[in-house]
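In the text below, chain A, chain B and the rest are named by the order of the sequence lines, each starting its count at 1.
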Amino acid sequence: MIKDELTTLIEKAIKKAQRKGDLPKYESPPVTVERPKQAAYGDYSTNIALQSARLARKSPMDIAAAIVKRLPKADFIGLVDIAHPGFINFTLDAGWLARQVEAIRAAGERWGNVDIGQGRRVQVEYGSANPTGPLHVGFGRNVVIGDTLANVLAAAGYQVQREYYVNDAGTQIQLFGRSLYARYAQALGREAELPENGYRGQYIVDWAQEIAAMAGDKYLRMDYEEAVQALADLGIREKALGSVRADCERLGIIYDHWFSERSLYTDGTFDHVMSLLRQGDHLELREGAVWFKAAELGGDKDEVLIRSTGEPGYFASDIAYHYDKFITRGFDWVIDVWGADHQGHVPRMKAMMRALGLDPERLTLLIYQLVTLKEAGEDVRLSKRAGTMVRLSEVLDDVGPDAVRFFLLANAIDSQMDFDLTLAREQSQENPVYYVQYAHARIASILRHAAEQGWTAERYADGDVSLLNHPSELTLIRKMLELPEIVEMAARNLAPHHLPHYAQDLAATFHAFYRDCRVVSSDPADEELTKARLKLVEASKITLARVLGLMGVSAPERM
RNA sequence: GCCCCCGUAGCUCAGUGGACAGAGCGGCGGACUUCUAAUCCGUUGGCCGCAGGUUCGAGUCCUGCCGGGGGCGCCA
């Protein structure tokens, strides 16, 4: 990447300046190259002269001059200038810029890839909710963040696995089974009451009726506990996960692996991990329960693993689960995408890593702030058990997957967001996603028009991109060249919101080019320029499609 | 009480310690006989919550306060 090459050149220049005596000998701070906010300051800029002033005991302006004097030549550097109080600004060479159009076309759908992952294996686990009902819209943020991040990390050179953790064990599942049983019995005309704190949602009634219609009174004839277990299983596998899978598919999300919590208990992982913890002296029996001594490992308090009833809790499963991720499956890095309501669990997870002898840095608990749902400005209270929830699928019906993904992606994960259903329905037409998609459709339209005029790809294959020197053309190329940097930034900071912002920026730059530069000309004198511009337009299409693809948003050929 | 996140234009939000703080929406005024006007151009609009501190330089880092959200269970 240009940014890195530039950094290297500047480092070399500093060393050389020191060798030649232009600069005193001192340990240079790390060179950082950034993109200035103002276009007038060029494409890249470094503040290294300012950083070094004290160490070199020279004025920043003098240091900058010494560095620039010794800067090695490079084909991509057009202009280097020094600006007060000591910035060194670089402007890319116009000819080099134009040539990058060919580089983008050659890279095709790989354009934007970087290699900071170097093939390291990372697992992104997201979406994992109790499979006891349909996904509600708040969870949309979880799956959209997780899935987009997985895309970004794959583009950044990681080997990525997408996983859904199926919580098919534990007390909530019991409760779910009992609730389903009650509704099932009712569906068959029996008297039955929902358990206390049972799941009250209408969807349980619907599912119970479907099961009754299919299986008749089969479960009533079984032993109650057996029937509850069987119904819970059926409900999870056929109903709940089915609806999760369907919602995800509409959002373009396909998991590589669905991991069963219960399998940890049936395959011996859980017992093995418990004995490891016991050997490490991380467990303690207190008041009939087994505690994990998290406090002495940096947790904020000790945690119950196995309740006095003998039932393991959720955290116990989590330890076994992460043992499986790191030790059994050997992931280098694991990212769990969690809502802010789980933020308090971070310290105990880190403690768990230490107890297993693993570097806590290898586990990232990515916390996003919750989505508050509104209906015409009013808060909507959400509870799966109480049955008051807005299903993700309903919002997908109303607004469409592209707008939902774009909207949920646009904010930094640290900022809480309101999702006003009324507003979303009304304003879905104003969603910026259409602005970006429109740019793509417009490009497709230009290429169609060109083809109709006889400008097939073969006919402009010999186009000379060095003819591209209009300011709007060069601005567009510059913007496209940012893509790898955006991918890198999004990957390093686990910050997918950079993508929609960049996408809008890119679309705006394209629209400006479209305004200023006629692509397909009927004037024979413009034939060569038309060819070059068609290549530019093609590169724009590649770039736009790539960023949309990373966001999981479709890139339409027409609108 | 303690812990985490946020507070930037009327609204929704960007802003990797740098150079005059940006975008979209909204408001106002313009541009379709031309490859898609779901577009473009102009304009309006800011004690970056408040108070200190660190730094050559703070919207960005630190401390305190105020306001909003989330958490602190033998629930998940």
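Note on A:Asn89: a base of the nucleic acid sits closer than 4.0 angstrom, heavy atoms only. If you check every strand for non-hydrogen atoms under 4.0 Å, A:Gln51 touches a base. Using a 4.0 Å heavy-atom cutoff across all strands shown, A:Tyr514 reaches at least one base atom of the nucleic acid. Residue contacts shown for A:Gln453 are absent, as no nucleic acid heavy atom lies under 4.0 Å away. Note on A:Arg492: nothing from the nucleic acid sits closer than 4.0 angstrom, heavy atoms only. Counting any heavy atom pair closer than 4.0 Å across all strands shown, A:Ser521 reaches no nucleic acid atom. Using a 4.0 Å heavy-atom cutoff across all strands shown, A:Glu557 reaches at least one base atom of the nucleic acid. Heavy atoms of A:Ala53 sit nowhere under 4.0 angstrom from any nucleic acid atom.
Taking atom C1' on both B:G7 and B:A51, the two are 16 Å apart, rounded to the nearest angstrom. Rounded to whole Å, the separation between the C1' atoms of B:U12 and B:U16 comes to 23 Å. With both ends at atom P, the span from B:C2 to B:U63 equals 14 Å, rounded to whole Å. Comparing the same atom, P, in B:G68 and in B:A31 gives a spacing of 48 Å after rounding to whole Å. Spacing between B:U34 and B:G17 at atom P, rounded to whole Å, works out to 49 Å.
Residue pairs meeting the salt bridge (charged side-chain N to carboxylate O under 4.0 Å, His left out) criterion with at least one partner in residues 486-507 of chain A, sequence neighbours excluded, are A:Lys479-A:Asp505, A:Glu488-A:Arg492. Applying the salt bridge (charged side-chain N to carboxylate O under 4.0 Å, His left out) definition to pairs two or more places apart or across chains, none involves residues 135-145 of chain A.
Mapped onto RNA chain B by nearest heavy atom, A:Val520 and A:Arg307 fall at different nucleotides, with A:Val520 at the one closer to the 5' end. Ranked by how close their nearest RNA chain B nucleotide is to the 5' end, A:Arg35 and A:Tyr435 are led by A:Arg35.
Residues that satisfy the side-chain hydrogen bond (donor to acceptor under 3.5 Å, both in side chains) test with A:Tyr321, not counting sequence neighbours, are A:Glu163. Qualifying salt bridge (charged side-chain N to carboxylate O under 4.0 Å, His left out) partners for A:Lys350, counting only residues two or more places apart in sequence or in other chains: none. The side-chain hydrogen bond (donor to acceptor under 3.5 Å, both in side chains) test applied to A:Glu527 returns no partner, not counting sequence neighbours. A search for side-chain hydrogen bond (donor to acceptor under 3.5 Å, both in side chains) contacts involving A:Asp398 returns A:Arg425, not counting sequence neighbours. In terms of the salt bridge (charged side-chain N to carboxylate O under 4.0 Å, His left out) criterion, A:Glu261 has no residue partners (sequence neighbours excluded). Listed by chain and residue number, A:Arg329 satisfy the side-chain hydrogen bond (donor to acceptor under 3.5 Å, both in side chains) test with A:Asp324 (two or more places apart in sequence, or in another chain).
Picking from B:U39, B:C25, B:A38 the nucleotide with the shortest atom distance to the side chain of A:Glu430 gives B:C25. Checking B:C20, B:G70, B:C72 against every side-chain atom of A:Tyr41, the shortest atom distance belongs to B:C20. Here B:C40 is the nucleotide among B:C40, B:C35, B:G18 with the atom lying nearest to any side-chain atom of A:Arg515. Distances from the side chain of A:Thr171 to the nucleotides B:G70, B:C75, B:C72 place B:C75 closest.
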Quick tally for nucleotides 4-15 of chain B: nucleotides whose base has a protein heavy atom under 4.0 Å get B, sugar-phosphate-only ones S, the rest -, giving BSS------SSS

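Of the side-chain N and O atoms in A:Gln38, none sit less than 4.0 angstrom from OP1 or OP2 of B:A21. Phosphate proximity of B:A38 to A:Tyr438: present, with a side-chain N or O under 4.0 Å from OP1 or OP2.
For B:G70, its base never sits under 3.5 Å from the side chain of A:Asp341 at any donor and acceptor pair. Checked by distance alone, A:Ser308 brings a side-chain donor or acceptor within 3.5 Å of a matching partner on the base of B:C74. Checked by distance alone, A:His511 brings no side-chain donor or acceptor within 3.5 Å of a matching partner on the base of B:A38.
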Kindly list each side-chain donor-acceptor pair under 3.5 angstrom involving residues 510-520 of chain A, sequence neighbours excluded, with atom names and distances?
residue	atom	partner	partner atom	Å
A:His511	ND1	A:Arg442	NH1	2.9
A:Asp516	OD2	A:Ser472	OG	2.5
A:Arg518	NE	A:Val520	O	2.9
A:Arg518	NH2	A:Val520	O	3.4

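One finds a salt bridge joining A:Arg35 and A:Glu485 here, because a Lys/Arg side-chain nitrogen approaches an Asp/Glu carboxylate oxygen to under 4.0 Å. Taking the charged nitrogens against the carboxylate oxygens, A:Lys325 and A:Glu125 do have a contact shorter than 4.0 Å, which makes a salt bridge.
Here the side chains of A:Ile335 and A:Leu153 are in contact, with some heavy-atom distance below 4.5 Å.
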Output, in order, the C-alpha distance, side-chain angles, deciding distance and verdict of side-chain contact (heavy atoms from CB on, under 4.5 Å) for A:Leu366 and A:Trp338. CA-CA 6 Å; A:Leu366 191 69; A:Trp338 285 359; over 6 Å; no

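A:Trp455 has its ring centre no less than 6.0 Å from the ring centre of A:Tyr460.
Atom CZ of A:Arg448 and atom P of B:C35 are 13 Å apart (whole Å).
Classification of B:C62 as anti follows from a glycosidic angle more than 90° from 0.
If you check residues 529-542 of chain A against RNA chain B, you find no residue with a heavy atom closer than 4.0 Å.
Pairing analysis of RNA chain B (Watson-Crick: purine N1 to pyrimidine N3 plus N6-O4 or O6-N4; G-U wobble: N1-O2 and O6-N3; both under 3.5 Å) yields stems of 3 or more pairs at B:1-7 with B:66-72, B:10-13 with B:22-25, B:26-31 with B:39-44, B:49-53 with B:61-65.
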